[in-house]
Amino acid sequence: MEYNFRIIEKKWQEHWKAIGAYKVSNESNKPKYYVLDMFPYPSGAGLHVGHPLGYIASDIYSRFKRLKGFNVLHPMGYDAFGLPAEQYAIEHGVHPATSTAQNIANFRKQLDNIGFSYDWDREVRTCEPGYYKWTQWIFLQLFNSYFDRLTLKAESLTLLINEFEQIGNGKHECPGDPTIKFSAAQWNAFSEKAQQDILMQYRLAFCGIGEVNWCDALGTVLANDEVVNGVSERGGHPVVKKKLRQWYLRITEYADRLLSGLETIEFSDAMKEMQTNWIGKSYGAEIAFSVVHGPSTIEHGLTVYTTRPDTIFGVDFMVVAPEHELISQITTDEQKTAVDEYISYVKSRSDRERQAEKKISGCFTGAYAVNPFNGRQIPIWISEYVLAGYGTGAIMGVPCGDERDHKFAQQFNISITNIIGNFYNGVDANPTKEAKLTNSDFLDGVVMRDAIGIVNEKLVEMRIGKKKVNYKMRDAAFSRQRYWGEPFPIIWKDGIAYPLNENELPLLLPEVESYGPGPEGEGPLANLKDWIEAPLVNLQDWQGAPLSINRKGPAVSQTGMRETNTMPGYAGSSWYFLRYMDPHNSSTFCDRKVSDYWNQVDLYIGGTEHAVGHLLYSRMWTKALYDLGHIGFDEPFRKLLNQGMIQGSSRFVHRMTFPVSVDTLVASVVSKGENVDTKKTIFISDGIFNDIKNLSPFDQIQTLKKAEPVLDISNYSTTFFTTLHVDVNIVDGLELDVEAFKKWKNGEYADAEFILENDKYICCSEVEKMSKSKFNTVNPDELVNKFGADTFRMYEMFLGPVDQSKPWDTKGIEGVHRFLKKLWRLFFDEMKGQVWNEGKANDAELKILHRAIKKIEEDTERFSFNTAVSTFMICVNELADLKCNKREILEPLLIMLTPYAPHIAEELFQQISATPLFAEQRGAGGESSVLDASFPVFEEKYTIESSKEYPVSINGKVRTNINIALDATPEQVQEIALSNAVIKKWVEGNPIKKFIFVKGKMINVVI
RNA sequence: GCCCUGGUGGUGGAAUUGGUAGACACGCAGGACUUAAAAUCCUGUGAUCAGCAACGGUCGUGCGGGUUCAAUUCCCGCCUGGGGCACCA
């Protein structure tokens, strides 16, 4: 019997599917374990070998936990709303639902090939009404809630309204606008519109005005990555900021809980640090400066935020964001032109470009701020590096203490006040807090750290400032001007947003004729006149929501306008882990009993690219649902494992082309692909290319003529080169398969000639992101077909640590395949037939097995799958060396292998169970599956060693090894070591300064 | 620019808590089996110096310093690859 993986894998996949081997019940007396993958966006390009890395890891861990006796939930689904499907629709006229369904079907086929243990009955798709009904429902929960800063949790807005009616908003500062203050009497007298406007400032999901990237030429809003250097990626049209009404999630209210929650979950330190930095909590002060512009003064007109109020006497200039509202007021006539020019320059630039800009830019407004402590006039500048959205959009520039301020001062020749004495060297800023202040009036001699509090007190006393906690994090923009997303269950009337009733959900995404934007840059839904106009019938007091329109009697035959934005991609992905628990429930998003059983995701696997987006949003949604009593835990993911990115290793060929007419053309003016002799294309091997690349085109030709006389290039006196991506799948290592290359791209290069080195065409290579356009993707299907799913799974794990990024290289896959074949031969040998037997295992064999059990269990538990695979190899190598074919050893080995290579494990497990002896142990027919076997138990007694081959070093350099009993005393060890001939030779009468002995590790003699 | 992360033989990587650097595998070279090939098996394989050989010596974990009996591991400074930076998912 030979190892026929194609037959075996197909057989077991069908069998497992038929018997529902991966079906998971919500009721079990086993302990639960929830393993989750970040679900994929089903792109049209299909899976490449990078996708399954995390899925294989989670599958191995799920199966491992199952063998360990857990009831394991391991679901999969699709993050199916998103921009690419919509763009495909715009370009090809295919409905996103259609292309998405096709892509999903393709993904599923590819996933099934690899043999995952997903319970597909629990699949979710975020774009399906049965799913997004509950996304809309959760949105309404957020819409009808506010964050209570006293109880630090989300509460129903009804509570707040009751309070407003009784006592006004004195107890609850308005998060959207802290200046809003009213009494109960005032509240009750407000119009409905005024009341609703105020409530909007409290809601967790709220409406406001935001800026988008607007491209007038394309008539649409663009994503950041569709904008390159201020112009659209497609077409290169100018892009400007445009203000639009937008929905937001008030995630900033959760900033502190998102921070403190990190202490309760197992994310890597790096991940926690990224989230912490993203939230960016800082303690500082707001200080109001009076502003002098021309003859006028604005008292306390400019408020800055600073984390270093202690440096107040070192302020040499102010910088305000180009969007700052004060600018139009304070700019002097002389500066007006310059300021206008500068602002229009900034308008075309993204936040990131503004911050990444190395060249300091800025513009003086002509106005001055007045230092409240010494009356000094400080010039007010505008610069792009100050962002409107952070702090107050204005900073005070302290060049001696801040690197960027220092550069700014140097750039614009602003004289620098030194307030830190020797700590400032005149060349670089020094952000220390330890210096004693100088040139600082009443703070002279005070250590900076202590001065912070003194200044803060003084600011309060003078009523010009206060301590302030600030967050870098902004409220999350929650609306998109797109089609392919969840519609908002909102109807607008007279500027008031009315939520739909629960029984009106889901609000279905309507069909559109065109996926283009609406007339004012809204989403495509804005074009649907009939759909937009919606009756406001049946408006009821929805879950206590404040619909005062309802209090004035039943609102019959009123109509409003539907919200035309849709929700962003992260809406559906913020809660999908809950839906997997109870995916078919039509009366609630997830039954509370079920979510209490499954509770948190125990292990979440996905890439670091979601470090701050998805992972923060889903944490916030979980907290809000917890606050409102819908679930019983407030962190979604107990443990997070980040998988590294698998990069593509691109291959390149060098193409030589020749100008049509050398007499009339100079090589340097020949542009790519034009005016060239298309009949003559020569590809030149990398080594030869490198030899000649620095020569002049003329010398290149001459050199090649000499070296390759058969090439007919004598007509040409010049040439030029292009380096092109070539499909990695027709390159073996670096050697190009020339014949395959000629057939590639439908024979585009069929007539090409080649300059080889050592009869080979050698490519050059580079590691890049894996992508179709770079021809560096490797399709798992082909590998699975060639080597089998088990080999593929183990090879992906064998590549390296799962959390590390690494370039893909198919080469080593043979080694893993050989390992499985070798394992197979422990059971069946083609020449001899069955070789496995019921012999009694000896000590050496048991030692091999139990060492493997220990290592594989530990490695799997700590996600070190690559070393686990190598332990399997070592174990099989050793057993083969001993010619051990005993079931007593092989069966536990198969069970351990199940998570990694389930098909071969099951096949061999069934083969050895088919004996009469074994069938009796298993029950009738021996039909139980290896999937439900028990992971073998490590027994130390088989692995105990009595002695150790100690490395003995002289001054840290290993000179010899000595075998010493493990129970030898340090004195005995020293005597043995020092009497060793090699050691004696090295010591050679020198006095022993120190003798270091670490039991079980090493010996070091210091002389 | 800011935040995070990685850098070890020809290649992917191992070394789990400061204790034998290079496990395991690929590749390569040589050999066995074979009419031949495939498959399989065996041997060697960090660099360098010395030698007929045996036993060896020196260097070596991106670069430069430091701590230590001992550093891939800890500390400081630098170089460099990758990811993220709020409308890609």
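Reminder, nothing fancy here: chain letters follow the sequence lines and each chain counts from 1. None of the values given here were measured: they were computed from a predicted structure.
Remark: B/A71 base-pairs with no nucleotide in the shown strands. Criterion, Watson-Crick or G-U wobble with two distances under 3.5 Å. In this structure B/G81 sits in a base pair with B/U5, meeting the Watson-Crick or G-U test at under 3.5 Å. Across all strands shown, B/A36 remains unpaired; no Watson-Crick or G-U wobble contact has both distances below 3.5 Å. Nucleotide B/A29 has B/U43 as its partner under the Watson-Crick or G-U criteria, with both atom distances under 3.5 Å. Pairing of B/A89, defined by two Watson-Crick or G-U wobble distances under 3.5 Å, is not identified with any nucleotide. Taking a pair to require two hydrogen-bonding distances under 3.5 Å in either a Watson-Crick or a G-U wobble arrangement, B/A15 remains unpaired. Across every strand in view, B/G64 sits in a pair with B/C76 that passes the Watson-Crick or G-U test at under 3.5 angstrom. In this entry B/G56 has B/C49 as its Watson-Crick or G-U wobble partner, both defining distances falling under 3.5 Å.
Separating the C1' atom of B/A15 from that of B/G46 is a span of 16 Å, rounded to the nearest Å. Spacing of C1' atoms, B/C28 relative to B/U16, comes out at 32 Å, to the nearest Å. As rounded to the nearest Å, B/U72 and B/U20 have C1' atoms that lie 14 Å from one another. Taking the C1' atoms as reference points, B/A21 lies 38 Å from B/A38, given to the whole Å. Nucleotides B/G6 and B/G13 have their P atoms positioned 13 Å apart, rounded to a whole Å. Going from the P atom of B/G44 to that of B/A23 covers 12 Å, rounded to whole Å. The separation of B/A71 from B/G60, taken at their P atoms, amounts to 11 Å, rounded to a whole angstrom. Nucleotides B/U43 and B/U58 are separated by 29 Å at their P atoms, to the nearest Å.
Using bins of under 30°, 30° to 60° and over 60° for the plane-to-plane angle, the ring pair A/F865/A/Y900 lands in the perpendicular bin. Note: A/W247 and A/F488 have parallel aromatic rings, judged against thresholds of 30 and 60 degrees for the angle between ring planes.
In this model, the phosphate group of B/A25 is not approached by any side-chain N or O of A/N866 to a distance below 4.0 Å at OP1 or OP2. OP1 or OP2 of B/A39 has not a single side-chain nitrogen or oxygen of A/R825 nearer than 4.0 Å. Within the 4.0 Å cut-off from OP1 or OP2 of B/G27, at least one side-chain nitrogen or oxygen of A/R818 is found. For A/K957 and B/C59, the shortest distance from a side-chain N or O to OP1 or OP2 is below 4.0 Å.
In this structure, the nucleotide among B/C87, B/A21, B/G27 sitting nearest to the side chain of A/K811 is B/G27. Residue A/K806 places its side chain closer to B/G13 than to any other of B/C4, B/G13, B/G19. Taking only side-chain atoms of A/N961, from C-beta outward, the nucleotide of B/U20, B/C87, B/G19 with the closest atom is B/U20.
The separation between A/E211 atom CD and B/A86 atom P is 14 Å, rounded to whole Å. Rounded to whole Å, atom C1' of B/U68 lies 13 Å from atom CG of A/N955. The interatomic distance linking A/I848 (CD1) with B/A23 (P) rounds to 19 Å, in whole Å. Rounded to an integer number of Å, the gap from CD of A/E858 to P of B/A23 is 21 Å. In this entry the distance linking CZ of A/R474 with C1' of B/A86 reads 6 Å, nearest Å. Residue A/M797 contributes atom CE, which lies 21 Å from atom P of B/C24 at whole-angstrom precision. Rounded to whole Å, atom C1' of B/C87 lies 8 Å from atom CG of A/L83. A straight line from CZ of A/F828 to P of B/A39 spans 23 Å, rounded to a whole angstrom.
A/K472 has its side chain out of reach of A/I279: every pair of non-hydrogen atoms, C-beta onward, lies at least 4.5 Å apart. Between A/F787 and A/E814 there is a side-chain heavy-atom pair separated by less than 4.5 Å.
Residue A/R404 is in sugar-phosphate contact alone, with no base atom involved, counting any heavy-atom pair closer than 4.0 Å across all strands shown. Residue contacts for A/K999: at a heavy-atom cut-off of 4.0 Å it reaches no nucleic acid atom on any strand shown. Residue contacts shown for A/K472 include a base, since a base heavy atom lies under 4.0 Å away. Residue-level contact check: A/I996 touches the bases, meaning some heavy atom is under 4.0 Å from a base atom. Among the atoms of the strands shown, base atoms are found under 4.0 Å from some heavy atom of A/S479. Heavy atoms of A/K821 sit under 4.0 angstrom from primed sugar atoms or phosphate atoms, though from no base atom. Within the 4.0 angstrom heavy-atom criterion, base atoms lie near A/V221. Backbone-only engagement by A/L222 is indicated by non-hydrogen atom pairs under 4.0 Å involving sugar-phosphate atoms exclusively. Contacts of A/W986 with the nucleic acid, taken as non-hydrogen atoms under 4.0 Å apart, involve only primed sugar atoms and P, OP1 or OP2. Heavy atoms of A/E609 sit under 4.0 angstrom from at least one base atom. No contact: A/V869 has no heavy atom under 4.0 Å from any strand. Using a 4.0 Å heavy-atom criterion, one finds that A/Q246 contacts the bases of the nucleic acid, with or without backbone contacts as well. Residue contacts shown for A/G569 are absent, as no nucleic acid heavy atom lies under 4.0 Å away. Heavy atoms of A/M473 sit under 4.0 angstrom from at least one base atom.
Other residues, nucleotides and ligands contribute at most 12 non-hydrogen atoms within 6.0 Å of the CG atom of A/D269. For A/K948, the NZ atom counts as densely surrounded, since its 6.0 Å shell holds more than 12 non-hydrogen atoms of other residues, nucleotides or ligands.
With hydrogens and angles left out, the side-chain atoms of A/T867 and A/D859 include a donor and acceptor closer than 3.5 Å.
Glycosidic conformation of B/G77 is anti; the angle lies outside 90° of 0.
Side chain A/N1004 to base B/C69: a donor-acceptor pair is found below 3.5 Å. Interface remark: the A/E273 side chain does not form any donor-acceptor pair with the B/C3 base, using a distance-only criterion of under 3.5 Å.
Between A/R480 and A/E86, no side-chain nitrogen of the basic residue sits less than 4.0 Å from a carboxylate oxygen of the acidic one, so the salt-bridge criterion is not met.
Remark: of the listed residues A/K854, A/R862, A/K855, A/K854 is the sole one forming a side-chain hydrogen bond (donor to acceptor under 3.5 Å, both in side chains) with A/E858.
Nearest-nucleotide mapping onto RNA chain B: of A/P801 and A/R480, the residue sitting toward the 5' end is A/P801. Sequence order on RNA chain B of the closest nucleotides to A/Y617 and A/N877 puts A/N877 first from the 5' end.
Residues A/P517 and A/T220 come closest through the heavy atom pair CG-CB, 4.0 Å.
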